[in-house]
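Below is one structure, written out as structure tokens; comments come after it.
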Number of protein chains: 2
Amino acid sequence: MEPIADKKRAIFESMLELVKEKGFHGTPMSMVAKRAGVAAGTIYHYFDSKEKLICELYHYIQQQVIEIVKHEDCTDISFKECFFNLWYALFTYYTEKPSILRFFEQFVNSPYNTNKDEFGKDEFHRLLFRFFERGIKEGHLRPVSPKILGTLAHSNIISTVKIQASGRLTLQDGELEQIPLILWDGMRNR
Amino acid sequence: MEPIADKKRAIFESMLELVKEKGFHGTPMSMVAKRAGVAAGTIYHYFDSKEKLICELYHYIQQQVIEIVKHEDCTDISFKECFFNLWYALFTYYTEKPSILRFFEQFVNSPYNTNKDEFGKDEFHRLLFRFFERGIKEGHLRPVSPKILGTLAHSNIISTVKIQASGRLTLQDGELEQIPLILWDGMRNR
DNA sequence: GGTTGTTAATTGAATGTTCATTCGGTTTGC
DNA sequence: GCAAACCGAATGAACATTCAATTAACAACC
């Protein structure tokens, strides 16, 4: 990850917050510019178009998530430990940056997401699936496609973040810890 | 569910398909009108605005999902059977109507969703949570908040539909059946 | 250190397009 | 005949993008 120009980062942050608050529509470039503290024209010095800006932002963020997976997927400790570490690392990341989760969710279901990146071809999914493949190979997890396990696990994390973030429900003592356990108990080989 | 005027239904269907293909932005009212086979002005005979149309469509669809839950949540058979029936019923419903799932996902993360309906206050979630409450009370499920179990279960179903719908992955023989089992094994009381 | 030239960064008003919505008029059903 | 349903061109606002003009950065040269 090479360093990013200050202005570029400011534009990214601005877009991120506005998308969280108002969605893709509802955030005109003029507003992005204003909050970023630059002129409208400046954005077009860095990005070809609104669409490009959004796509680049997506990849920029995804890179951060990839770093987390890489960091937690090590062979020094047992698979089970890795599994729980990864669960909590991603949970914490999304929880601390609610605008990112919201942006993601909007992006993947939007026409900006010209997902020609076949599923499992982008680096995040490749890493995720490789991790679960290891779990299967080592006999910890059910012999189901790692793509299934990976997808289910990730959606489990995201749901948990959403439950908590919405404030709909305050998790009782020890309830949060139950959730990765539920996931593990379901997926583990028996 | 009282019967809906033909035109109204046509407008709903049109919006649904277009949102799937092009997202909320990207679907002008003129196009909705065209595909529905009505004039632009006609839409405004039935709906106050684009926003209202979208919100009504959301509730219209949600009603269908509610019917499914009501249908499967009966006390004639064991909870476990109900659980699997419900899982498959929802899975089948979303699978057969991909435009609906896509619309939902876009809607909940959009500014149209002025979700003042507190979580768990809309009928769908009330029913869903009540169902899981029963499972806990009868001792089948872990004693965790039914809201958590309900949310996790629903997101498990939706992920499965998405895996399959994206064509990313063809489920092998018996793999689909593993998924509700994974969910059940994780949530069940031990 | 100051002068000059060159390129990159930045500005924000102007442009042109795309829509949601309106409304005066027409058709349909009763 | 009358009301409700329907039409679609016209309106006006919102917005992405452009561009001519301005400023900062910085190197080369004396």
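Throughout, a chain's letter reflects where its sequence line sits, starting with A, and its residues are numbered from 1. A quick note: this is a predicted structure, and the numbers were derived from the prediction, not measured.
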#### Entry: Parallel, tilted or perpendicular: rings of A:Tyr112 and A:Phe24 (30°, 60°)
perpendicular
Every protein N/O lying under 3.5 Å from an N/O of nucleotides 20-26 of chain D:
none

### Task
Could you check whether B:Tyr46 gets within reach of a base, just the sugar-phosphate, or nothing at all, counting any heavy atom under 4.0 Å?
sugar-phosphate
### Message
Tell me if the centroids of the rings in A:Phe132 and A:His154 come within less than 6.0 Å of each other.
### Response
no
### Task
Verify the contact: side-chain N or O of A:His45 to OP1 or OP2 of C:dT10, cut-off strictly under 4.0 Å; return yes or no.
no
### Query
Reading nucleotides 12-30 of chain C 5' to 3', which nucleotides get B (base under 4.0 Å from a protein heavy atom), which S (sugar-phosphate only), which -?
B------SSBB--------
### Query
Does the ring centre of A:Tyr58 sit less than 6.0 Å away from the ring centre of A:Phe104?
yes
### Task
Figure out the NZ/C1' separation between A:Lys34 and C:dT10, and round it to whole Å.
18 Å
### Query
Out of B:Lys162, B:Lys97, B:Glu17, B:Lys20, which one pairs with B:Arg102 under the side chain to side chain contact (heavy atoms under 4.5 Å, CB included) rule?
B:Lys20
### Query
Going from CD on A:Gln62 to CG on A:Leu57, what distance comes out if it is rounded to the nearest 0.5 angstrom?
11.5 Å
### Query
In terms of ring plane angle, is the pair A:Phe103 and A:Phe107 parallel, tilted or perpendicular, where the classes change at 30° and 60°?
parallel
### Message
Run the side chain to side chain contact (heavy atoms under 4.5 Å, CB included) test on A:Ser99 and A:Val19 for me, step by step, so that the C-alpha distance in whole Å, both residues' side-chain angles and the decisive distance to 0.1 Å come before the verdict.
### Response
CA-CA 8 Å; A:Ser99 56; A:Val19 168; over 6 Å; no
### Query
Which class fits the ring pair B:Trp184 and B:His140: parallel under 30°, tilted 30 to 60°, perpendicular over 60°?
tilted
### side-chain N/O B:Lys7 vs D:dC6 OP1/OP2, d < 4.0 Å
yes
